[in-house]
Amino acid sequence: MKNLNKSHYKLKIDLEKPDWKKVKEIKIIDNKEMLFSISDKSNRIIVKPQYFRQGLEYSLPECYCRGGVLLRLKKAADLLPAGYKLVIFDAWRPTEVQLTLFDRYKEKLLRKHPDKSEKAINKLTEQFVAIPSDNAKHPSPHITGGAVDLTIANAQGIFLDMGTEFDENTKKSVTNFLEKRLAKKGKLSPKEEDILYNRRLLYNIMKAAGFSNYYYEWWHYDYGNQLWAFYNKTQAFYGKCVFKLNSHFAFDVMD
Ligand SMILES: C[C@@H](N)C(=O)N[C@H](C)C(=O)O
Ligand SMILES: [Zn+2]
């Protein structure tokens, strides 16, 4: 890390928890950009669809995102140190996949906390999986084609240590977990320091390309949807989208 450019670590990770009530109230004027497949668009982006690999029902063998997201992913990838690549785990999601993810995690929490109320369990679930919604006024982030889950691989193809697995549902996944520990204790172990800088690298290139990060997950970034608009204090331009294949093998956004 010491031989890498300082600009990769310029910004410390400073984030707030989203207020989902406010997020859902943000106005969306969809710009109708199409969904594109992400594979083969840049030699610095690898696609590894995690939910398909896990055999999740309705998951897809390819990742798709809006045109503006694809452009910005390429920009972020080009900002990486030489040889490093972005690894995409998931992007646009069918509502059915969002539902399965939500139910799967909720069941896990119910088993762990049989004494908690349904309301409390839903609130906990919502931290790691957005409430499944294809309501045009407040669609779940991944249903818009504006959200992407990703990490970084180094020049040897090894995933950088981000401190947790993808989708690990613990407080260690909170993006600035180690920033807070550093501020409190004044120092980190060498391994923790590596993780802190790896997260900062992802955060810095994605911020520079125009994305926002989701407080609870180091791997989840947004552009153009309501969650992004919340963090950027603006309106959203990506709403709910379903797709149909057109003659250019891209996907038209449908209402
Ligand atoms: C499930 C996880 N990978 C994820 O994407 N979580 C966010 C909150 C979401 O479901 O939008
Ligand atoms: Zn995500």
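Start at 1 and go down the list; that is how both ligands and their atoms are numbered.
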Is Pro141 in contact with ligand 1, taking contact as a heavy-atom separation below 4.0 Å? yes
Quick check on Tyr51 - does any of its heavy atoms sit under 4.0 Å from an atom of ligand 1? yes
So, Lys106 and Glu118, do they make that salt bridge, N to O below 4.0 Å? yes
If we only count N/O pairs under 3.5 Å, is Trp20 in contact with ligand 1? no
For atom 1 (C) of ligand 1, what is the closest protein heavy atom, and at what distance to 0.1 Å? Phe128 O, 3.3 Å
One thing to verify: whether Lys240 and Asp30 come together as a salt bridge, which I'm taking to mean a side-chain N less than 4.0 angstrom from a carboxylate O. no
How about Phe36 and Trp92: are their ring centres within less than 6.0 Å of each other? no
Would you mind telling me which of Phe52, Trp218, Tyr51, Phe166 makes a ring-ring contact (aromatic ring centres under 6.0 Å, His included) with Phe89? Phe166
To the nearest 10 degrees, how large is the angle at the Zn ion (ligand 2) between His220 ND1 and Asp149 OD1? 110°
Mind checking whether Leu227 contacts ligand 1 via backbone (N, CA, C, O), side chain (CB onward), both or neither, at a 4.0 Å heavy-atom cut-off? neither
Within the supplied structure, the quantity of interest is the number of heavy atoms (other residues, nucleotides, ligands) at a distance under 6.0 Å from Glu62 CD; does it exceed 12? yes
What atoms of ligand 1 come within less than 4.0 Å of a heavy atom belonging to Asp149? 3 (N), 5 (O)
Measure Ala130 to ligand 1 on non-hydrogen atoms and call it side chain, backbone, both or neither using the 4.0 Å cut-off. both
Please determine whether a side-chain nitrogen of the Lys or Arg among Asp14 and Lys207 lies less than 4.0 Å from a carboxylate oxygen of the Asp or Glu. no
Just jot down the ligand 1 atoms closer than 4.0 angstrom to any heavy atom of His142, in number order. 5 (O), 9 (C), 11 (O)
Around atom CD of Gln54, are there more than 12 heavy atoms from other residues, nucleotides or ligands closer than 6.0 Å? yes
Test: Lys21 and Glu25 ion pair at under 4.0 Å: yes
Ligand-residue contact atoms, ligand 1 with Asp167, heavy atoms, under 4.0 Å: 1 (C), 2 (C), 3 (N)
With ring centroids as reference points, do Tyr223 and Tyr221 lie under 6.0 angstrom apart? no
Which residue owns the protein heavy atom closest to atom 4 (C) of ligand 1, what's the atom, and how far is it? Glu217 OE1, 3.3 Å
Give a yes/no verdict on whether any heavy atom in Tyr216 is under 4.0 Å from an atom of ligand 1. no
Geometric cation-pi criterion Arg200 and Tyr197, 6.0 Å radius, 45° cone: yes
Looking at ligand 1, does any of its N/O atoms fall within less than 3.5 Å of an N/O of Tyr214? no
Under 4.0 Å, heavy-atom basis, I'd like to know which part of Arg93 is in contact with ligand 1: side chain, backbone, both or neither. side chain
Check contact between Glu126 and ligand 1, using heavy atoms of the residue and a distance below 4.0 angstrom. no
